[in-house]
Structures are given as C-alpha cells and as structure tokens.
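For clarity, every value in this text was computed on a predicted model and none was experimentally measured. The basis for the numbers below is simple: all heavy atoms, side chains too, and nothing from hydrogens, waters or symmetry mates. Every chain is numbered from 1 and lettered A, B, ... according to where its sequence line falls, protein lines coming before strand lines.
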Amino acid sequence: MTAADGGGTTTLVVRVENKAGVLARVAGLFARRGFNIESLAVAPTDDERFSRLTIVVGVDAAPMEQVVKQLDKLVNVVDIQELNPAVSVERELMMATVRADPSIRGQILDLVRVFQATVLNVGYDEIMVSLTGSPSRVDDFEDLLRPYGIVDVQRTGKVALPKLVKSAPDPLTP
Amino acid sequence: MNMNGGQALMKALENEGVDILFGLPGGAILPVYDPLIDSSIRHVLVRHEQGAGHMAEGYAHATGRPGVAMVTSGPAATNIVTPLCDAYMDSIPMVVVTGQVPYAAIGTDAFQECDTTGITMSVTKHNYLVTEAADIPQVIHDAFYIATTGRPGPVLVDIPKDIVDPNNPRSAMEWYTPDSHDLPGYLPNQAGDAELIRQAAKLICEAERPVLYTGGGILKSRGAEALLELAELTGIHVVTTLMNRGGFPDDHPLCLGMPGMHGNYTAVTAMQESDLLIALGARFDDRVTGKVAGFAPLAKIIHVDIDSAELGKVRRPDVAIQGDCRVVIEELVKALKEMGGREAQPDRNQWRSRISGWQERFPLTYEQSKGDEMLKPQYVLEQLRDSTPSDTIVASGVGQHQMWTSQYWKFNHPYTWVNSGGLGTMGFAIPAAIGAKAGRPDRMVWAVDGDGCFQMTAQELVTAATEGFPIKVALINNAYLGMVRQWQEMFYEERYSEVYLTRDVPDYKMWAEALGCVGLRVESPEEVGPAIAQANEINDQPVVVEFRCEAEENVFPMVPAGMSNSDMVVDPSQRDQPR
C-alpha cells in the first residue's frame, strides 16, 4: 500500500556518517523488504562528518518498526527520528518548466503571485518557476500548473524538522 | 615505522591476536601473501574458499575468538559469500579479508573484479572497501571490534591490490597502532535496564509453569555458568535450542533438550503449555515456534537479547530487556535472590510431574535394526556418543544427520557443538570441524556428515590431511538427500523427486584414502564400535568412517512446517500414548 492509494506514509530522519556507500546500505534495507522509497533528500549537516537523510516510505508505522530497528543496527547510522507530520515542519522545493505562450503567461504569473513562488527563467513560450513549501502546498501548485502543460518538473522530496515547543517554562528565562 | 600496506595488514592482524588464518591466494591478494611468510600467523591453505570461511566459523564456534579468512577477489570473494551469510545468521564473529582489483581499476570490469562490498552488504554485520593504505590499521582494528562486540557477526574488509603492493607508491604508509574507535553509530550496550530486570524477576516469582528458552546468545555471551545458576536457583527447566546445545548440560535434571521442529516432545510441549517463557538469547526462529499464532499461547514472554531488533520481531514480549545475556542473567539472579531466592518461587510440583510424565511417555526412540536390515543412524550416533570423551567437539552438516546428532548426543560442555543453524548450509561439517580442531587441537573433533553434505566439501579433507588436522568424520550414508526424501514421503505422497544419490558412487572409502585420510566402511551394528575405537586411535591422519545406513529412516518427532507445535508427529511407536 502506498500513500497514493490511501495508505499511510512514514517519514524518517536518519543521521548517518558521511561516507561512501552509506546511502546504498540504507536504501538496501528498504529494497530487501520490497518497501518503495517515495522520496529521499540527502545533504551534509552542519557537522561535515554526518549527513541527514529524510526518507518518506509508503508504509504504515507497524511494519516500519522492524526496518527502523534494522536501520539502527547499521554501523554508519548514528540516529533515527520518526517524524509525525502533525508535530513537524515539512518543506519541499519544486522547480517546474511550464508552457507559457505570451498570451497566457499572465495567468501563470498570477499563480506565481498567489503562491509566492518565484520565476527563475523565461523563454519565448515557456516559463520556469520554483516554489518552496509544505508538500501539500507544492502539490496544489503543481496541480494548478498542469493544465497549462508541464514540460519538466523536479521535486526535491521533503525535508523536515520537529516543531518547536510553544509553551514557555515559567518563569520565562531571559 | 615506514612500511607498505601489505605489511601493515599482517601487523594489524597480529595485533588483534590472530594466530591462524584460513585462506587461498590469488592475483589481487598476492602482495599480502609475501609479508605473510615473515608473519607469526599460521596460514592454512584451503582447497576452496568456502572451506576457508567455514573453517573460520568452526574456529570461532569452538574458541569464542573471531575466525579469520583471507582470499582473493572476484570468484574467491563470491565463494566465501555462503560462509559470510552462515556466520551472519548464526552471529559468528568472523573477519574476512578479500583482495580487490587496484583502486583505479574498480568499476572497469577488470579481471577477477566483482563488487564484493555490494554483494556482501546484506550478509555481513559491516563491510569496508579500504581505499588508502594508511586506513588499514584502523579499519582492521574496527573490523575486529565490530565482529566481536554487541551481537557478533562477520565483517568483510575488501583491499585493493595497489594499496598493499610494495611496487606501487600508493602502498607506502607510516605504521600507527590504533587505540580507539571512531564509530559514532555503533555503541553496543551490555547492561540491561534494572527496572525491567526487576519486573522480569517478579514475573518469574509468579509463574506456575515457567520455561527457560535459551538460544545461541548464552554461548556468545559466555553465559553458560550464569544460566546454570539461574536454573538451579529457581528450579526452572531449560530448553536448549539448536544454537545453544551444550550451553546447559544435557545430563542436568532440569535440562529438557532441544525444542522445535525436530526437538524432543517434552521440550516442545513444555513450551507450548508454559505460562512464562524466559527467552534468553533466542530469537523465536520459525523452526522453534512452528506456526507463530499457535506458539505457547498461554505464555507471557520475557525476552532478553543483545540485539534490540530481536525484541518483538516475532512475538511481542511482556518484558523486553536489551542487553548481554550473561550480564542480564547475573543481574536477574541478584534480583531473584533479593526477592527471596528459592523460597520466593511458587510450588511447581504439579508442573514438574507433568514434565516428567511427558519425559516418560515420549522419550526419543527408534526401532533397532534386525537381522539383515541396514544400520540405524541413531544407533551409530549413540555408539559414537558413548565411545568418545565427553568434551569431544562435534560438527555437523545439515539435514537428518544433524537433527539426529543434536537429539542423541549428550552435550555437557559449552562450545562442543558446531553447526549451521540459521542458514542450514550443507557441507558445513568438514571445514567447520577443521576450524574447530585448529582452535582446539587438544580436543577430539568428530564431524557427523551426510552423504549429500560430504560431496559438497569433501575436498577440504585434503586440507586436513596436509595441514595436520586429524579430524574424524562419521559419514551417515543413507544414499539419499535424506531430509528432503523424508518431506517427500510425508508431504508429497511418496513422490520422490531428485533425492536419490546412489549408495555406491562415489566409493567413500576409496575417496577418503585418495584425499589423504584413513577410510573405513561399516555395514553392520557389530562393526560400529570397533570402527569408532579404531578411528579414535588415529591421531596423525584424518579418518572417514562410512556408516552405510537405512535409507528410509525418518527423524521423529516432527512438527510439520506451518503447523502448530501442539500438532507434533511423534514416533510411530508412541502414537497411542495419551498426550
């Protein structure tokens, strides 16, 4: 079951050693069980010894438990957080090239304005835009662009961090 | 000290305490075989790389120290994949060094190149592709640390030829002795949580029908003594899985023996009827549980394992304790003593009498051969057991002979049973026995092998003969792939498909002699004892004793695959007994 047909998804944030082959070890654990990775974002952290992987897998939490434990056993995996979308802030970047005959370019620019997206490049009958936002907002933007004819689209896969604590300790420390 | 990578590799292995290396040289690993000549490490030249891997495993089984194998790239590396997977399944500490094509040639389909780290990623605890000579001391130090700590397992180190080749400037390096590990993602935890241990102790004190379900983790953690103390303190019966035969003495009144598909009736049934299973270093393997939904339905579970991924993998425990088995058992014993020791244990006389009732009604049994009938394999194993020292190390292959050995042997010492449990690797016995003999030259080592298994790795008897490992092989020749034949008889309406191996080809006696061994052939019960006595006397040569056995003997009892352990099929002579 995948997110697309209504099943759950799990988002894992995995801190790994920044070494050759680590991504293959991580991906292999999912592949061996037939779990498809829906999106994956990888980048070094502020400490260059480590990278952070944000992995979205189209599997409910229950069968994930064993995978997470196996993942944790990998020597190069430092720590793993399972992120619940309700308590995390998620962002994704999309770049898209859309058909934009000069006669309808204005309509697309309206959408860009509404979504606070960015125009990256303009051709005589195409326009390249980008949007950073929550995955669902990016979905909406992509859906609205589609009727105009998407020539090319590239999404990064989401990255996420846990939401911050709202209630301050009492008394508030300066 | 300036040296080349090859010298550094040998020095690093010496520093880890390696005294013996099982291997076979070839192109990519060639430069390492030169400094080997000057090393204190003994090298055993195998005849097939799979043999090197199983020898390293046998060595580790018998000694508890990591076994080490070294082979070349490409086909040698793929030949050692089976032992790696075997060691991974059975948590055997092992370090395998493989040669690799020069670093610059990797990915060019060079001669004898294969993606060794890619191929072995899923069958090793960890693996390394070393790219710089200067990394060799640290990687070897880390490899042994990872292989031997936490849940032990195999680690592979793949070494490109250029970084060990003195003719290549990339091999030049300055020696250093690593004194620490920079492994931020690897922090094995030994001690169990004190509160959980207290909860476990409380459950034990409340249980009316508890059973200690003990697995390979007992032997891996060197916890046999601690287990004995726990069992004697509480008076709780112990089942020893295939991986923990010898971890609790078979002649102890609390020992119920092996559980599982071919376990004895009492061990299986006591677990089924139990109200508390105390699983220590065991992993609820399908061969133990039978159909999981029907396994020990009334039992609460205490599960102790060094590997947290085992906790709840198959059966959700009531108390899950991550930690080293020995450490946790010792803490558990302390907690139980604080709660009152033996006095705090409930009266379990009724349970004990149920157990002894099962033991009386359903002992292991077989029908002895009469007249011209062929030898019974169980008889051979009983004779072998009774004619060898009690600390004899027994290695077995996989199949009927393995189950009969586990059933009929009396394992009274830890580290005397060497076998392939999880992977079920046919051909394991002979090379594993050689490795065990290499590790424990003071002990008598018998391999019990089947005719199918024997034909897979017999070439290593040449290694045994030429390298001076006088192991003894009891070859149970029943002319069949016996376990498969048994399944076809029981579950495929006796439609035998590709299981007959022939009785007389090869001629095992002649083959044994050709391999440099003494070959003996036994066909009647009267010959069994004298042949074993003769084999036991020979200490300068390996011996193969071919026991020509009944072809259609089946292993009983048996829980058919996919069935509940409550549906165990017992020996035909016991089928009218009340359960």
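With sequence neighbours excluded, the residues that form a ring pair (Phe, Tyr, Trp, His ring centres under 6.0 Å) with A:Phe141 are A:Phe115. When the salt bridge (charged side-chain N to carboxylate O under 4.0 Å, His left out) test is applied to A:Glu90, the partners found at least two apart in sequence or on another chain are A:Lys158.
Residue contact with chain B, scored on non-hydrogen atoms closer than 4.5 Å, involves the backbone of A:Leu74 exclusively. Proximity to chain B involves both the backbone and the side chain of A:Val75, based on heavy atoms less than 4.5 angstrom apart.
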Counting backbone as well as side chains, what donor-acceptor pairs lie under 3.5 Å between chain A and chain B?
from	atom 1	to	atom 2	distance (Å)
A:Arg25	NH1	B:Asn127	OD1	3.1
A:Arg25	NH2	B:Asn127	O	2.8
A:Arg25	NH2	B:Asn127	OD1	2.8
A:Glu65	OE1	B:Arg316	NH2	3.3
A:Gln66	NE2	B:Ala309	O	3.1
A:Lys69	NZ	B:Ser308	O	3.3
A:Lys69	NZ	B:Leu311	O	2.7
A:Lys73	NZ	B:Asp307	OD2	2.5

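Counting only residues at least two apart or in different chains, salt bridge (Lys or Arg N to Asp or Glu O under 4.0 Å) contacts with residues 98-112 of chain A comprise A:Asp110-A:Arg113.
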